[in-house]
Amino acid sequence: MPAPELIWDLRAELAEGPVWDADRRCVWFVDIKGRTLNRYGVDDGAKQSWSAPDQIGFALPAEDGSLICGVRGGLHRFDVERGDFSLFQPVEQDRPQNRLNDGFVAPDGVLWFGSMDDSEQRKTGALYRWAAGALTLMDDGYGVTNGPALSPDGKVLYHHDTLDKAVYAFDHKDGAIGNKRLFATTSEGYADGPSMDSAGVLHVGLFGGWGVGRYAPDGAYLGKIDFPVSAVTKAAFGDDDLKTLYCTTAWLGQGAETRAAQPMAGGLFRVRVETPGLPQATIRL
């Protein structure tokens, strides 16, 4: 496997949530602490950034061409042509200490996303499902949520509590989840954002683990894709064949000496892999 290639030396404090946009042939991702939405054009290397209203945890494509963004306090619609954000779904007005973190679009167009205590101290985070204007709390009591992701057959949903280094699995059917169980515990770093390939292998960003961990459908650890920076936050499958991993990284929590030793931390990387990922779905509005 080739070494990961740095394609945008953004030096974001906490880059997260890469997502492949096949129609626009670009990768969207966010810098949570920098409060920016970013776009990288895969054909010409074009780079654009927009300021978000607050800390932004994810940006995912919707069926009308807009992006649905998880901004602290609620879901916003981002109009790509105008470059502006508009709030349409308040979230957790009763939990002002929280912010939104990672999200995922299921093949049926349903948006799943999580929240977390911004100080990373209390287990006030939750997992939500948003479908056709209805917001539903699906699970509660997380330190730092990441994910979710679905198995290729849609029968298993994976969701993380990063503070516990824990990857949980749920039975999933028709938007309902149950039978929560521990799927895996990361031994190299903390379980950050997950993505699924077409063979059912879960790819997990390892915050502090110097790479992307790979887990078989039975939870067995298959090793990792090594990176030159310690904090890999998420990997998303992209390009026409879905065999390129676009990976966000971070320098959050690093002191000056550590940052100097990892000058590429906070950049956007890509690396080619053998097994393709799954197509990116769009949110049904």
Side-chain angles (χ1 to χ4, degrees), residues 3-21 26-42 45-61 67 69-72 76 78 80 83 85 99-103 113-116 118-120 144-147 160 162 189-195 203-212 225-238 244-271:
E5 173 193 5
L6 177 67
I7 55 176
W8 189 349
D9 190 15
L10 188 66
R11 305 189 185 189
E13 184 174 2
L14 184 55
E16 257 286 10
V19 59
W20 168 241
D21 186 331
C26 70
V27 175
W28 299 95
F29 66 101
V30 302
D31 177 3
I32 297 175
K33 296 302 182 181
R35 302 185 179 190
T36 61
L37 169 65
N38 308 287
R39 179 169 69 179
Y40 175 81
V42 301
K47 305 173 181 69
Q48 292 177 279
S49 298
W50 295 264
S51 295
D54 205 319
Q55 293 186 78
I56 177 172
F58 60 84
L60 295 166
L67 300 178
C69 303
V71 180
R72 187 171 188 167
H76 286 64
F78 177 75
V80 177
F85 294 82
R99 65 170 176 83
L100 303 188
N101 205 41
D102 213 4
F113 65 93
S115 65
M116 58 172 281
D118 191 39
S119 70
E120 301 184 17
V144 174
T145 60
N146 266 292
H160 303 175
T162 300
Y190 293 82
D192 213 313
S195 294
H203 289 62
V204 178
L206 299 173
F207 197 102
W210 297 86
V212 176
I225 302 169
D226 292 316
F227 268 70
V229 296
S230 63
V232 181
T233 56
K234 191 167 186 174
F237 292 88
T244 300
L245 279 180
Y246 289 93
C247 306
T248 46
T249 64
W251 54 264
L252 179 74
Q254 294 183 1
E257 184 176 339
T258 303
R259 285 195 65 192
Q262 298 181 40
M264 292 185 287
L268 178 68
F269 290 78
R270 68 183 170 197
V271 61

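Note that the numbering runs from 1 along the sequence shown for the chain.
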With S195 via side-chain contact (heavy atoms from CB on, under 4.5 Å) - residues at least two apart: K234, F237
Candidate pair R72 and D118, rule side chain to side chain contact (heavy atoms under 4.5 Å, CB included), full reasoning: CA-CA 10 Å; R72 187 171 188 167; D118 191 39; 3.3 Å; yes
Y40 atom OH, neighbour heavy-atom count above 12 within 6.0 Å: yes
T36 side-chain N/O to W50 backbone N/O, donor-acceptor pair under 3.5 Å: no
Minimum heavy-atom distance between A15 and A250, given as atom pair plus value: N-CB, 4.3 Å
Check: S230 main-chain N/O paired with Q262 side-chain donor or acceptor under 3.5 Å: yes
Counterpart residues, side chain to side chain donor-acceptor pair (under 3.5 Å), relative to W28 (two or more places apart): D21
Considering all heavy atoms, the nearest A235-V212 contact: CB-CG2, 4.2 Å
Distance (rounded to the nearest 0.5 Å) between M116 CE and T162 OG1: 8.0 Å
Exercise: identify the closest heavy-atom pair between C26 and R39: SG-CD, 3.4 Å
Parallel, tilted or perpendicular: ring planes of F85 versus H76, cut at 30 and 60 degrees: perpendicular
Side chains of V232 and L206 in contact at under 4.5 Å (non-hydrogen atoms): no
Spacing of D102 atom CG and H160 atom NE2 [to the nearest 0.5 Å]: 8.5 Å
Sub-4.5 Å side-chain heavy-atom contact between F58 and V19: no
Smallest separation among heavy atoms of A12 and W251, with atom names: O-CD1, 3.0 Å
Atom of P18, atom of F29 and distance for their closest heavy-atom approach: CA-CB, 3.8 Å
Rounded distance [0.5 Å steps], CG in L6 versus CE in M264: 6.0 Å
Full working for side chain to side chain contact (heavy atoms under 4.5 Å, CB included) between W20 and V42: CA-CA 10 Å; W20 168 241; V42 301; 3.6 Å; yes
Ionic contact status for K47 with D9, cut-off 4.0 Å: no
Inter-residue atom distance L60.CG - C69.SG, 0.5 Å rounding: 8.0 Å
Distance in Å, F207 CZ paired with L252 CG, rounded so as to fall on 0.5 Å steps: 5.0 Å
Donor-acceptor pair between T145 and N101 side chains, under 3.5 angstrom: no
Minimum heavy-atom distance between G57 and I32, given as atom pair plus value: CA-CG1, 4.1 Å
Approximate separation, where rounding is to 0.5 Å, of R99 CZ and K33 NZ: 5.0 Å
Side chain proximity check, W8 to N38, heavy atoms < 4.5 angstrom: yes
Residue pair V27 / R270, side-chain heavy-atom distance below 4.5 Å: no
T248 (side chain) donor-acceptor with T233 (main chain) under 3.5 angstrom: no
Side chains of I7 and Y246 in contact at under 4.5 Å (non-hydrogen atoms): yes
